[in-house]
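Chain naming here is simple, since letters A, B, ... match the order of the sequence lines and numbering starts at 1 in each. As a basis for the values below, the full set of heavy atoms in this structure was taken, side chains included, without hydrogen atoms, waters or symmetry mates.
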There are 2 protein chains.
Amino acid sequence: MARRRSQTPQKAQPTMHDVARVAGVSQMTVSRVMRGTGYISKDVKNEVVKAAREMGYVHNRLAGGNATYDNPIVGVVIPTMQNRVFNEVLSGINDTLVESGLRPVFGVTEYSLETEEDVVFDLLSWRPRGLILPGLEHTPSLRKIIAQTGVRVAEIMDVDGDPISACFGFSHAQAGEDMARHLIERGYRRFGLVGSQGGLDLRATKRFDAFSKLVTSLGAEVVARENDTQASSMEAGRKMTSALLDEPNPPDAIYYANDDLAAGGLMHCLANGIDVPKEVALAGFNGLGFLSALPKRITSTVTPRYKIGADAASWILRTSSADAGLKSDLGATLRIGETT
Amino acid sequence: MARRRSQTPQKAQPTMHDVARVAGVSQMTVSRVMRGTGYISKDVKNEVVKAAREMGYVHNRLAGGNATYDNPIVGVVIPTMQNRVFNEVLSGINDTLVESGLRPVFGVTEYSLETEEDVVFDLLSWRPRGLILPGLEHTPSLRKIIAQTGVRVAEIMDVDGDPISACFGFSHAQAGEDMARHLIERGYRRFGLVGSQGGLDLRATKRFDAFSKLVTSLGAEVVARENDTQASSMEAGRKMTSALLDEPNPPDAIYYANDDLAAGGLMHCLANGIDVPKEVALAGFNGLGFLSALPKRITSTVTPRYKIGADAASWILRTSSADAGLKSDLGATLRIGETT
DNA sequence: TATATTTTTGTTAGCGCTAACACATTGCTT
DNA sequence: AAGCAATGTGTTAGCGCTAACAAAAATATA
């Protein structure tokens with residue numbers, strides 16, 4: 001076993017050198033066996049694997065990264081952990097990455113661009129093979145450090161704007177307009193908007209802006225807005241819906257920033273005997289699976305969450321940096337339910 | 001700038017040496033500034049920080065870990081990403097870790113102990129400062145490699161058993177019994193159990209076992225079980241509830257493996273005019289926030305998810321490995337709602 | 001059988017960084 | 001002004017690993 005300088009709480013781990021000694025080969029041969037590269041005879045390979053297993057040796061991939069400038073890491077930034085949308089995005093990222101022997105390292109911004117800057121800086125200290133960032137909006141400092149380090153960046157969830165290198169998502173403006181057109185067609189004219197995160201969710205804002213603009217131009221109007229500062233949840237949706245409908249001239253249709261909020265709205269109506277969609281129509285966003293379990297299927301926009309994550313991850317994995325300026329619109333489709 | 005051997009797609013990053021040259025100091029001084037250790041004069045510090053910023057230098061923490069046997073990493077294993085419970089646990093872990101300048105690296109097992117073994121082995125190749133594992137059940141090989149490497153391990157979510165070193169959670173047996181006692185007290189006698197993951201969720205199994213045992217000993221009985229192989233969700237809960245209640249002699253109370261399933265059950269009853277709790281009582285598990293948004297507050301067991309994550313993470317951070325055999329029961333409390 | 005080719009193993013240098021120690025310099029006592 | 005501690009900076013060695021380049025051994029070819 002190798003001697004150690006520092007008195008870490010951990011036991012001294014064996015090194016390749018130790019394995020090599022036990023197996024009676026050179027350390028380089030052990031390295032080759034561990035990575036499965038180059039020529040190795042079967043006998044030696046077995047010998048090395050056996051010795052490693054017996055000693056409990058685990059390949060130290062980070063030390064190797066040091067020598068090759070290539071750590072098996074992708075930095076992944078998400079706005080929040082409190083939203084299931086990102087569970088699915090992360091699943092897509094994780095599955096794709098793990099398949100290639102890499103792992104994501106996460107950072108959470110809580111919807112703050114300043115925090116995002118800090119998080120990215122921290123993530124960069126891991127010398128990741130690439131970075132996955134939410135949205136196309138970033139601070140100038142963030143852009144600068146990205147440019148300086150030349151790190152590969154994939155932006156996800158949005159395509160309305162100019163990506164740093166490549167983006168994978170869908171058009172929120174389009175999604176907002178689609179929903180506006182649908183609701184107008186169904187005869188609704190007085191709209192309420194319900195969001196969360198105090199307007200910091202820039203993609204939701206894009207949807208709402210496009211929605212408002214279109215309904216206004218079609219002769220309808222947005223009569224009320226609610227925007228809780230707290231995280232999105234069914235509770236928040238229920239509370240805000242209640243507030244909205246208690247006003248003197250309530251809207252006849254409510255467009256929510258996401259399905260959780262909309263489901264909360266539906267629950268409020270259900271509990272208070274408000275007929276949906278006769279008295280008020282409800283529309284969500286994301287098309288999450290749980291909608292199908294609700295008493296009424298809520299109209300929503302289905303977004304390709306898993307695929308966004310998977311595509312972004314595999315773009316990072318592709319070594320060619322050829323496809324700069326790539327805009328991958330994975331599409332989001334309106335799914336009409338029983339609430340509009 | 002340093003010359004590079006390999007032709008990575010990334011731009012050549014400046015090193016401490018480069019920064020040192022620009023700032024006109026030794027590389028060691030740059031190292032000290034970056035880590036904020038030792039004595040550094042203000043002038044030199046400013047000079048170095050300025051140079052680093054201008055060059056876009058980012059401290060490479062992984063290379064340092066190589067020299068100190070101490071990477072800023074904690075390996076975190078979770079059964080699935082499809083369950084919001086783990087969002088909160090991860091939040092607790094992440095918040096605590098990031099505060100100390102570390103980051104979690106995740107692995108997902110999909111409720112398979114064999115996969116867990118592979119994941120842990122992979123995570124170990126990152127030489128993490130510690131590992132956080134779900135539950136107290138692991139394969140012998142897993143235990144062996146843990147023992148061999150001497151890595152610090154915190155087990156979470158359960159305290160019914162013997163931890164490798166320390167565990168943070170609550171007693172599932174206790175939770176199951178508490179619920180059993182409550183339902184018996186309310187007069188229910190014919191119980192249904194609804195789970196997911198095909199019984200692979202070992203903690204849910206512990207609850208169900210303790211529940212079944214107690215109700216049986218109190219003269220009641222478990223008359224039906226449903227156990228979907230797919231992931232837990234409201235949809236699955238609704239489907240299984242429907243199946244359960246369509247049988248000739250349906251249960252008068254259903255105990256679900258978690259709140260999502262229970263909420264799905266409630267939705268089924270709501271949509272089909274089944275009176276809860278008169279015709280059938282429903283009980284969930286976890287006490288998630290969204291329950292308060294449902295038309296009827298579902299009886300559940302509130303679990304300290306965030307705190308479990310936070311406590312486990314800060315135990316990992318504590319360097320003393322003194323407290324071996326630590327069992328931290330954070331408690332789970334029955335919360336009676338309107339569905340029982 | 002001699003030579004070229006392929007396969008297998010080893011040696012050397014060095015990745016970017018930090019611990020440990022050495023050596024200045026400064027300010028403070030007395 | 002001498003002595004001393006505190007402060008500031010540099011030098012050296014080496015972490016665990018891999019690329020690049022030998023060199024030896026096995027195999028194929030002429």
Side-chain angles (χ1 to χ4, degrees), chain A residues 1-8 10 12-21 23-48 52 55 57-73 124-128 149, chain B residues 1-8 10 12-21 23-48 52 55 57-73 124-128 149:
Chain A
M1 297 284 162
R3 264 147 303 285
R4 289 298 122 81
R5 284 180 300 178
S6 71
Q7 59 329 356
T8 53
Q10 293 218 3
Q13 306 267 112
T15 68
M16 274 190 179
H17 195 84
D18 301 320
V19 176
R21 193 165 32 225
V25 296
S26 77
Q27 182 252 96
M28 192 63 223
T29 301
V30 178
S31 174
R32 289 200 181 97
V33 172
M34 288 298 152
R35 287 175 295 143
T37 60
Y39 295 112
I40 326 119
S41 71
K42 228 168 191 164
D43 289 351
V44 169
K45 184 179 169 181
N46 290 338
E47 202 62 42
V48 169
M55 307 170 72
Y57 174 78
V58 180
H59 186 195
N60 183 338
R61 303 184 66 201
L62 260 18
N66 197 9
T68 55
Y69 304 96
D70 192 11
N71 292 315
I73 294 171
L124 247 20
S125 77
W126 294 62
R127 295 292 186 275
T149 58
Chain B
M1 299 284 160
R3 263 147 305 287
R4 289 299 122 82
R5 281 181 301 177
S6 72
Q7 61 326 358
T8 53
Q10 294 218 4
Q13 305 268 111
T15 70
M16 276 190 178
H17 194 85
D18 301 319
V19 176
R21 194 166 29 225
V25 295
S26 77
Q27 183 250 90
M28 192 63 223
T29 300
V30 178
S31 175
R32 289 199 182 94
V33 172
M34 288 298 153
R35 286 175 298 145
T37 61
Y39 296 113
I40 326 116
S41 71
K42 231 173 188 154
D43 290 352
V44 169
K45 185 179 168 178
N46 291 339
E47 202 62 41
V48 169
M55 306 170 72
Y57 174 77
V58 180
H59 187 195
N60 183 340
R61 303 184 67 205
L62 260 18
N66 197 9
T68 56
Y69 304 96
D70 192 13
N71 292 314
I73 294 171
L124 246 20
S125 75
W126 296 61
R127 295 294 185 274
T149 58

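B:Asn66 comes within 4.0 angstrom of a base, heavy atoms only. Contacts of A:His17 with the nucleic acid, taken as non-hydrogen atoms under 4.0 Å apart, are absent. Within the 4.0 angstrom heavy-atom criterion, base atoms lie near A:Met28.
Following rounding to the nearest Å, B:Met16 (CE) and D:dT11 (C1') show an atom-to-atom distance of 16 Å. Rounded to a whole Å, the CZ atom of A:Arg35 is 17 Å from the P atom of D:dG16. Per the geometry, CG belonging to A:Leu124 stands 16 Å off C1' belonging to C:dG16, to the nearest Å. When the P atom of C:dT9 is taken as reference, atom CG of A:Asn46 falls 11 Å away, rounded to whole Å. Rounded to a whole Å, the CG atom of B:Asp18 is 11 Å from the P atom of C:dC15. When the P atom of C:dC17 is taken as reference, atom CG of A:Leu62 falls 14 Å away, rounded to whole Å. At whole-Å resolution of the value, CH2 in A:Trp126 and C1' in C:dC17 are 16 Å apart. One atom, CG of A:Asp43, and another, C1' of D:dA26, lie 14 Å apart when rounded to the nearest Å.
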Show the distances under 3.5 angstrom between N or O atoms of the protein and N or O atoms of nucleotides 22-29 of chain C.
none

What does the list of N/O pairs under 3.5 Å between the protein and nucleotides 3-8 of chain C look like, with a distance for each?
unit_1, atom_1, unit_2, atom_2, d
C:dT7, OP2, A:Tyr39, OH, 2.7

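Considering all non-hydrogen atoms of both residues, A:Ser31 and A:Met16 come closest at CA-CE, 3.4 Å. Across all non-hydrogen atoms, the minimal contact from B:Gln13 to B:Asp18 is O-OD2, 4.3 Å. Here the shortest heavy-atom pairing between B:Asn71 and B:Trp126 reads ND2-O, 3.0 Å.
When the side-chain nitrogen and oxygen atoms of A:Thr29 are compared with OP1 and OP2 of C:dG10, one or more of them lie within a distance under 4.0 Å. The shortest distance between the side-chain N/O atoms of A:Thr15 and the OP1/OP2 oxygens of D:dG16 is not below 4.0 Å.
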List the atom pairs, with distances to 0.1 Å, where a side-chain N or O of residues 37-48 of chain B and a protein N or O form a donor-acceptor pair under 3.5 Å, not counting sequence neighbours.
unit_1, atom_1, unit_2, atom_2, d
B:Ser41, OG, B:Val44, N, 3.4
B:Asn46, ND2, B:Lys42, O, 3.4

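The side chain to side chain donor-acceptor pair (under 3.5 Å) search around B:Ser125 returns none, not counting sequence neighbours. Checked against side chain to side chain contact (heavy atoms under 4.5 Å, CB included), A:Asn60 has the following partners two or more places apart in sequence or in another chain: A:Leu62, A:Ala63, B:Arg127.
Taking a pair as Watson-Crick or G-U wobble with both distances under 3.5 Å, DNA chain D forms stems of 3 or more consecutive pairs at C:1-30 with D:1-30.
A distance of 7.0 Å separates OH of A:Tyr57 from OG1 of A:Thr15, quoted to the nearest 0.5 Å. To the nearest 0.5 Å, atom OG of residue B:Ser26 and atom NE2 of residue B:His17 are 10.0 Å apart. Here the CG atom belonging to A:Asp70 is positioned 9.5 Å from the CZ atom belonging to A:Arg61, to the nearest 0.5 angstrom.
Of all nucleotides listed (D:dG10, C:dC17, D:dC17), D:dG10 comes nearest to the side chain of B:Ser26. Side-chain proximity of A:Thr68 to D:dA19, D:dC15, C:dC15: nearest is D:dA19. Comparing atom distances between the A:Tyr69 side chain and each of C:dG16, D:dT18, C:dT9 picks out C:dG16 as nearest.
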